[in-house]
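Indexing begins at 1, ligand by ligand and atom by atom, following the structure's order.
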Amino acid sequence: MTALLNLGVLISGSGSNLQSIIDHIEKGKLKAEIKIVISSNPEALGVKKAKNHSVPVAVLDSGKFASREEFDSEMARILKEKKVNLVILAGFMRILTPGFLKSFPGRIMNIHPALLPSFPGLHGQKQAFEYGVKFSGCTVHFVDEGVDTGPIIIQGVVPCYDDDTEDSLSQRILKEEHRIYPQAIQLFAEGRLQIEGRKVRVTHAGEKSIPEIHNPPLFGF
Ligand code: GRF
């Protein structure tokens with residue numbers, strides 16, 4: 001039997017993606033184990049969610065560290081101690097230092113609530129909503145030195161309707177996040193992701209049968 005993938009999940013907030021990862025593990029769909037959740041925020045709802053499922057949690061208070069480097073090196077120390085092979089950013093509201101990135105080359109994933117490279121940075125859903133796009137979605141990518149710039153693993157697309165609000169669009173995107181993040185992790189666990197420059201090749205990704213989509217729908221054109 002192959003060993004389970006050891007995950008370290010970094011959070012700062014509500015932890016709904018963390019919850020989805022936990023649920024997929026518990027259902028046996030995601031062959032991984034969360035060795036540690038690290039929260040940069042002691043009040044994060046995600047801390048409770050982890051504890052509810054007996055997942056070990058470390059809370060690191062940024063006020064107690066002299067620099068970003070010190071904070072990140074403590075995180076790296078904990079993750080290494082727990083033998084983490086893949087670091088999952090799930091609403092982690094800090095930019096990682098180059099030193100941290102070097103500790104986990106090609107082994108850090110993030111999820112962003114927009115179709116990158118559009119609308120990177122904070123409030124991707126709001127940016128897309130205000131821009132007036134007809135589709136938005138979410139992106140799981142490997143993390144590099146930039147903000148939301150790393151090689152893309154999977155994207156989920158959702159429509160934006162005329163009567164949407166920022167909130168209704170955000171909810172629709174979040175629902176897709178909860179599907180694509182566990183799948184991206186499972187692809188990694190199966191060794192099916194190869195980073196080649198900017199591209200991530202997914203082995204045995206399935207039939208090339210994804211239909212073109214239009215919003216509003218085409219009527220006979
Ligand atoms: C999600 O919208 C994710 O795309 C972004 O931060 C949010 C985290 O939400 N990176 P949650 O804490 O997983 O509920």
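- The pair Arg172-Asp164 counts as a salt bridge, with a side-chain nitrogen and a carboxylate oxygen less than 4.0 angstrom apart.
- A donor-acceptor contact closer than 3.5 angstrom links the side chains of Thr139 and Gln155.
- Sorted by chain then number, the residues whose non-hydrogen atoms approach ligand 1 to under 4.0 Å are Ser14, Gly15, Ser16, Asn17, Gly91, Ile111, His112, Pro113, Gln125, Glu177.
- Classification of the Phe219-Phe221 ring pair by plane angle, with boundaries at 30° and 60°, yields perpendicular.
- With no hydrogens or angles considered, no side-chain donor-acceptor pair links Asn41 and Ser12 at under 3.5 Å.
- Between the Ser170 side chain and the Gln125 main chain, no donor and acceptor come within less than 3.5 Å of each other.
- In this structure, Phe129 has no ring-ring contact (aromatic ring centres under 6.0 Å, His included) partners at least two apart in sequence or on a different chain.
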